[in-house]
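Note that the numbering runs from 1 along the sequence shown for the chain. Please read these numbers as outputs of a predicted model, since none were measured by experiment.
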Amino acid sequence: MKKVVIFNGSPRMDGNTATILQMIERGAKEHHAEVKSYTLFKMKFMACQGCFGCRMQDDCMVNDELKKALQDVKDADAVVIGSPVYFMQVTGPVKNMYDRFFPLIGEDGKPRFGEKKIVTVYSQDNEDPNMFQMYFDYLAAIFPGFGFVDEDRLVCVNANNPETADKNQQLKKHAYDIGRMLAMGE
């Protein structure tokens with residue numbers, strides 16, 4: 001059974017990012033994956049403290065709600081991270097989470113816990129799905145160090161309307177299919 005960990009980096013519990021992530025989760029669960037979902041805006045966690053304790057052992061020294069999620073990431077076959085684009089960037093909690101992924105990288109700069117498929121989900125108001133591609137690529141440059149490979153990226157456009165994703169059947173099907181593929185190991 002494949003293990004999938006999903007992070008929702010949106011403050012809106014019923015917005016476009018959540019809708020897409022729920023479809024990915026549904027596709028994965030309906031194809032027998034074990035799925036753990038986290039909503040970053042509901043969690044209490046700190047930013048990386050730069051203590052380098054994770055260089056001494058393979059775990060974060062900060063004991064908060066994100067620490068358990070990091071344990072799930074270590075054991076996962078796939079990780080899904082979703083965020084709206086605010087001021088041309090992912091939300092603050094997503095940025096902080098990426099910093100907290102530091103324990104996933106060994107002292108040699110290589111992943112400590114093997115390779116995992118990564119799926120990123122972005123929602124943005126701009127109607128051009130490639131508007132922030134350079135930024136998304138910039139973020140993706142850190143993924144191999146964490147062990148995240150074969151990025152699949154899904155972008156929801158015209159997303160100031162919180163019902164955009166819900167009304168887009170093609171987008172929802174694509175998200176569901178991504179979940180199915182993660183469950184099947186494709």
* Test side-chain hydrogen bond (donor to acceptor under 3.5 Å, both in side chains) applied to Q124 - qualifying residues, sequence neighbours left out -> none

* Any salt bridge (Lys or Arg N to Asp or Glu O under 4.0 Å) pairs touching residues 99-110, not counting sequence neighbours? -> D64-R100

* List in chain and number order the residues that pass salt bridge (Lys or Arg N to Asp or Glu O under 4.0 Å) with D77, two or more places apart in sequence or in another chain; answer none if no residue qualifies. => none

* With sequence neighbours excluded, residues passing side-chain hydrogen bond (donor to acceptor under 3.5 Å, both in side chains) with T19 -> none

* Could you pull out all residues at least two apart from Q71 that satisfy side-chain hydrogen bond (donor to acceptor under 3.5 Å, both in side chains)? => D59

* Structure fact -> Hits for side-chain contact (heavy atoms from CB on, under 4.5 Å) against P93, two or more places apart or cross-chain, chain-then-number order -> L40, F41, F45, T91

* **Spacing of S37 atom OG and L21 atom CG [to the nearest 0.5 Å]** => 7.5 Å

* Nearest 0.5 Å, what's the SG-CD distance between C60 and Q49? -> 8.5 Å

* Enter the distance from I142:CD1 to I105:CD1 here, rounded to the nearest 0.5 Å. => 7.5 Å

* To do: To the nearest 0.5 angstrom, please state how far the CG atom of L104 sits from the OH atom of Y98.
  => 12.0 Å

Exercise answer: donor-acceptor pairs, residues 174-182 side-chain atoms, under 3.5 Å, sequence neighbours excluded:
residue, atom, partner, partner atom, Å
Y176, OH, E30, OE1, 2.7
D177, OD2, K173, NZ, 2.7
R180, NH1, E186, OE1, 3.4

* Kindly compute the distance separating OG (S123) from CG (N158), expressed to the nearest 0.5 Å. => 11.5 Å

* Partners meeting salt bridge (Lys or Arg N to Asp or Glu O under 4.0 Å) with K95 (sequence neighbours left out) -> none

* Asked: Got a second to check how far T120's OG1 is from L139's CG, nearest 0.5 Å?
  -> 8.5 Å

* Flag side-chain contact, heavy atom, 4.5 Å: V73 against F148 -> yes

* Structure fact -> Sorted by chain and number, sequence neighbours left out, side-chain hydrogen bond (donor to acceptor under 3.5 Å, both in side chains) with K117 holds for none

* Asked: Which residues pass the salt bridge (Lys or Arg N to Asp or Glu O under 4.0 Å) test with E115, sequence neighbours left out?
  -> none

* Before accepting this row, confirm whether a basic side-chain N of the pair D58/R112 lies closer than 4.0 Å to the acidic partner's carboxylate O. => no

With a 3.5 Å cut-off and sequence neighbours excluded, list the donor-acceptor pairs that the side chains of residues 6-13 form with protein atoms.
residue, atom, partner, partner atom, Å
N8, OD1, S10, N, 2.8
S10, OG, R12, N, 3.1

* With sequence neighbours excluded, residues passing salt bridge (Lys or Arg N to Asp or Glu O under 4.0 Å) with R153 -> D137, E151

* **Pair F136 and Y122, ring centroids less than 6.0 Å apart** => yes

* Would you please classify the geometry between the F52 ring and the F102 ring as parallel, tilted or perpendicular, with 30° and 60° separating the classes? => perpendicular

